[in-house]
Number of protein chains: 2
Amino acid sequence: MNICSYVYFISLLFSAFAEKGKKMTKENVPSFLHLTAAQARELAKRMPEEETLYELADLYKMFADSTRVRILSALRVQELCVLDLAALLGISQSALSHQLRILKQAKLIKCRREGKIICYSLADEHVESIFRQGLDHVQE
Amino acid sequence: MNICSYVYFISLLFSAFAEKGKKMTKENVPSFLHLTAAQARELAKRMPEEETLYELADLYKMFADSTRVRILSALRVQELCVLDLAALLGISQSALSHQLRILKQAKLIKCRREGKIICYSLADEHVESIFRQGLDHVQE
DNA sequence: ACTATATATGAACATTTGTTCATATGTTTA
DNA sequence: TAAACATATGAACAAATGTTCATATATAGT
């Protein structure tokens, strides 16, 4: 957990005490918070780094658009070139190309050139497992 | 795969043939597409339903915002009431409440009332497993 | 019943995001 | 080397999303 959030949290504790004219002791907390300071520290320690959580959100952002999900879903089956993919999904070449770039930057897909055409495929097994995990949840 | 996309795809095949003054045969395809019609049908069959893919994108949308990821990350550790959570994460009560509603509607978290306060927690094991899956990928 | 506390929500606003359109880049073939 | 083909990309626009501010609802305590 980021030090900023924690500092903010602690400052809230102090100001809450100040408002009520109470003295803050190490393991005591203001009434509007139901966690003790010690519990809050413990909780914060058990959370991943703030930075990691931002990266996690960024990863899931890639799967958070139906066009990208459909692209990944097709590439799960087989490698495809841009025009085939566009025709298959019924979207414009431009829109697809923009999304392919985004997915490529996120390292979820890779591509190789074969003459005039460029073939895209999933980058690795991890992508497949993330996809399947979500699919399991959606399909109950 | 949605019938609409497939119909669109087939229509593209036909128009491509028409433009070139060729006749379209069952298993032949225009040169700008590297898939045969049969391959395209095969591929489409192996993809989940279009509707399922939209639901999948919606599911991942929940994890695609850093505030929501941080909320879920805290609730993984323990049940928390709104004000504790807001203080812990350093966000306003209002912003948090809006996000809690979104997560609740998506059935990723649940809540129970205890007097004045309302305690939130993760809805089920699936949420934890989706979270962990993404975390594994991010942390390499 | 009145006040304080805890949470929820509607509207306005700013930001982000995805698509389209026009055009650029890069590769093959005539 | 010119033309055709396959893909990429910048800019403009529209739509979706998250936060803030003000206020509403609901419960507990006096």
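Note that the structure is a prediction, hence the values are computed from the model and not measured. Naming: A, B, ... by sequence-line order, numbering from 1 per chain.
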(message) From CE of A:Met62 over to P of C:dT16, roughly how many Å is that when rounded to an integer?
(response) 14 Å
(message) Quick one about B:Ser129 and A:Gln133 (side-chain donor to acceptor, distance below 3.5 Å, no hydrogens or angles considered), yes or no?
(response) yes
(message) On the nucleotide D:dT17, are OP1 or OP2 found under 4.0 Å from the side-chain N or O atoms that B:Arg68 carries?
(response) no
(message) When you measure from the side-chain N and O atoms of B:Tyr120 to the phosphate of C:dA8, is any distance below 4.0 Å, counting only OP1 and OP2?
(response) yes
(request) Give me the one residue out of A:Leu88, A:Ile102, A:Leu103 that meets side chain to side chain contact (heavy atoms under 4.5 Å, CB included) with A:Ile71. (result) A:Leu103
(message) Please confirm whether the shortest side-chain N or O distance from B:Ser92 to OP1 or OP2 of D:dT19 is below 4.0 Å.
(response) no
(request) Round to a whole Å and report the spacing from CG of A:Leu83 to C1' of D:dC5. (result) 9 Å
(request) Spell out yes or no: do the side chain of B:Ser94 and the base of C:dT9 have one donor N/O and one acceptor N/O closer than 3.5 Å? (result) yes
(request) Please state how far atom CD1 in A:Ile117 lies from atom P in C:dT29, giving the value in whole angstrom units. (result) 12 Å
(request) Between A:Gly115 and B:Ser97, just flag the one whose closest nucleotide in DNA chain C comes earlier from the 5' side. (result) B:Ser97
(request) Would you kindly give the CG-to-P distance between B:Leu89 and D:dT19, to the nearest whole Å? (result) 11 Å
(message) What's B:Gln93 touching, base or sugar-phosphate or nothing? Going by heavy atoms closer than 4.0 Å.
(response) base
(request) Round to the nearest Å and state the distance from A:Ile102 atom CD1 to C:dT16 atom C1'. (result) 11 Å
(request) Spell out yes or no: do the side chain of A:His98 and the base of C:dT20 have one donor N/O and one acceptor N/O closer than 3.5 Å? (result) yes
(message) Quick check: on DNA chain C, is the nucleotide nearest A:Lys61 upstream (toward 5') of the one nearest A:Lys116, or the reverse? Name the residue that is more 5'.
(response) A:Lys61
(request) Could you walk me through whether B:Phe63 and A:Leu56 pass the side-chain contact (heavy atoms from CB on, under 4.5 Å) test, one step at a time? (result) CA-CA 8 Å; B:Phe63 293 85; A:Leu56 184 56; 5.9 Å; no
(request) Whole angstrom is fine here: how far is it from CD1 in B:Ile71 over to P in D:dT19? (result) 8 Å
(message) Can you measure A:Leu103 atom CG to D:dT7 atom P for me and round it to whole angstrom units?
(response) 16 Å
(request) May I ask you to check whether over 12 heavy atoms, not counting those of B:Gln105, lie within 6.0 Å of atom CD? (result) yes
(message) Using whole Å, what does the distance between atom C1' of nucleotide D:dA6 and atom CG of A:Leu80 come to?
(response) 15 Å
(request) Please test A:Leu100 against A:Leu85 for side-chain contact (heavy atoms from CB on, under 4.5 Å), starting from the C-alpha separation and ending with a verdict. (result) CA-CA 10 Å; A:Leu100 288 174; A:Leu85 199 44; 4.2 Å; yes
(message) Taking 4.0 Å as the cut-off, does a side-chain nitrogen or oxygen of B:Arg113 come that near to OP1 or OP2 on D:dA26?
(response) no
